[in-house]
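To keep things clear, I will list the structure first and then write my remarks on it.
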Amino acid sequence: MFHLQKATQVTSAESDQTGNDILLRLAEHYRYPPRPSEGPGAAAPFVRANMVASIDGAATHDGKSGGLGGDGDKTVFRVLRGLADVILVGAGTATTEGYRQPQPDEAFADLREENGQTPAPALALVSRSLSIPPDYPPLSHPDTVVLTCASAPADRRAALVDAGATLIDCGEDDVETSTLIETCGKRGRPRVLCEGGPSLLGSIIADDLLDELCLTTSPHLAGGRAGRIVTRTGDGEDTATLKGMSPAAIITDDDGYVFTRWLRHGRSSIH
Ligand SMILES: NC(=O)c1ccc[n+]([C@@H]2O[C@H](COP(=O)([O-])OP(=O)(O)OC[C@H]3O[C@@H](n4cnc5c(N)ncnc54)[C@H](OP(=O)(O)O)[C@@H]3O)[C@@H](O)[C@H]2O)c1
């Protein structure tokens with residue numbers, strides 16, 4: 001009935017001794033499920049989300065998720081980016097949290113080359129309103145896409161295109177979550193890392209498109225009124241269908257952070 005196992009602990013002493021080895025060990029631990037090099041399975045997206053919450057479920061402190069993070073959390077964040085083809089993020093989160101263009105990380109260069117991946121993950125910004133400042137630097141990078149819908153305001157669309165952005169419509173009146181994810185696969189970026197925020201993750205979960213959740217529990221009680229890692233307007237509080245997840249791993253660090261991986265039932269491989 002019970003499986004009493006000690007969580008794997010990653011200590012700072014270990015990380016001092018082994019330098020990049022700890023990153024590669026974590027990369028092995030967090031690797032995406034293997035995929036065929038050809039055929040339909042090669043482009044099948046696998047959607048992982050990485051989120052942080054306090055023990056009492058707050059997704060932010062002082063309005064940002066960074067307020068809950070620690071050194072271990074930053075390391076896991078770096079490893080997950082090192083493994084991903086694309087970082088899928090709500091435009092609001094990208095601008096609030098000051099996202100920059102992802103850069104190649106030397107620690108994962110060989111691994112990415114072996115996997116046939118580009119040197120750095122691309123950025124995919126999700127927005128219906130397109131109220132992204134046209135001078136937001138990652139917009140004009142050739143690897144960045146803005147995933148929106150046909151009914152997005154035409155003037156904002158024109159302003160972003162003029163600023164060098166690549167816009168892709170993923171629906172008519174709304175951004176359809178399934179089309180978002182399909183688009184990542186079709187663009188050759190099937191290892192999807194969703195970094196939130198809570199609204200985007202809520203849509204992905206509502207459509208049962210999340211394969212894996214990597215959740216950092218920050219060793220703090222936040223109190224207050226901060227929201228959860230998932231918010232979704234429209235769903236009744238108790239009516240959303242529960243989706244079963246299986247624990248895949250638990251890691252702790254010196255500072256008391258707990259890093260869990262949860263797989264959606266039956267999604268431990270590329271589907
Ligand atoms: N704890 C964590 O791990 C974590 C992670 C990320 C963010 N956060 C925090 O969460 C807060 C932001 O929450 P949020 O829910 O507003 O973030 P969000 O999910 O990034 O939503 C922000 C914007 O993204 C776009 N968006 C999201 N889902 C969409 C969908 N299904 N279709 C079309 N557009 C969509 C919308 O842009 P438009 O309005 O332009 O249409 C929306 O306003 C910030 O305080 C951030 O720091 C916490």
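Only a predicted model underlies this, so the values are computations on that prediction, with no experimental measurement involved. Atoms within each ligand, like the ligands themselves, are counted from 1 in listed order.
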| Mind checking whether Thr177 has a heavy atom under 4.0 Å from ligand 1? | no
Identify, by atom number and element, the atoms of ligand 1 in contact range of [X], meaning under 4.0 Å from any of its heavy atoms.
X      : answer
Val52  : 1 (N), 2 (C), 3 (O)
Met51  : 2 (C), 3 (O), 4 (C), 5 (C)
Ser203 : 31 (N)
Leu200 : 19 (O), 27 (C), 28 (N)
Gly90  : 20 (O), 24 (O)
Ala59  : 1 (N), 2 (C), 48 (C)
Ala91  : 24 (O)
Glu195 : 5 (C), 6 (C)

Qualifying salt bridge (charged side-chain N to carboxylate O under 4.0 Å, His left out) pairs with a residue from residues 215-226, counting only residues at least two apart or across chains:
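Listed once each, the pairs would be none.
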Only heavy atoms count here, so choose which of [options] is nearest to [atom].
atom                    : options                       : answer
atom 41 (O) of ligand 1 : Arg128, Glu97, Arg156, Glu176 : Arg128
atom 16 (O) of ligand 1 : Gly92, Ala152, Ser199, Gly171 : Ser199
atom 32 (N) of ligand 1 : Thr60, Leu147, Thr96, Val175  : Val175
atom 44 (C) of ligand 1 : Gly197, Gly63, Cys214         : Gly63

Using a strict cut-off of less than 4.0 Å between a Lys/Arg side-chain nitrogen and an Asp/Glu carboxylate oxygen, indicate whether Glu97 and Lys64 qualify as a salt bridge.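 Salt bridge between Glu97 and Lys64, a charged N being under 4.0 Å from a carboxylate O: no.
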Using a strict threshold of under 4.0 Å (side-chain N to carboxylate O), is an ion pair present between Glu28 and Arg31?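 Counted as a salt bridge, because a side-chain N and a carboxylate O are separated by less than 4.0 Å.
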Is there a polar contact, in the sense of an N or O pair closer than 3.5 Å, between Lys64 and ligand 1?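 No: no nitrogen or oxygen of Lys64 is under 3.5 Å from one in ligand 1.
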Practice prompt. Could you say whether the N/O atoms of Ser129 and ligand 1 ever approach to under 3.5 Å?
Written response: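 Min N/O separation from ligand 1 is below 3.5 Å for Ser129.
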Test item: [X] side-chain N/O and [Y] main-chain N/O as donor-acceptor pair under 3.5 Å:
X      : Y      : answer
Tyr136 : Tyr99  : yes
Arg112 : Gly82  : yes
Thr179 : Gly171 : no

Query raised in the report: Would you say Leu221 and Leu68 are hydrophobically clustered, going by side-chain heavy atoms of ILVMFWY under 4.5 Å?
Result: no
Shared ILVMFWY cluster between Val89 and Val52, side chains joined below 4.5 angstrom?
no
Under the side-chain hydrogen bond (donor to acceptor under 3.5 Å, both in side chains) test, which residues partner Asp85, sequence neighbours left out?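 Residues passing side-chain hydrogen bond (donor to acceptor under 3.5 Å, both in side chains) with Asp85: Gln117, Arg191.
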Classify the side-chain pair Thr93/Glu195 by whether it contains a donor and acceptor separated by less than 3.5 Å.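 Judged by distance alone, the side chains do not pair up.
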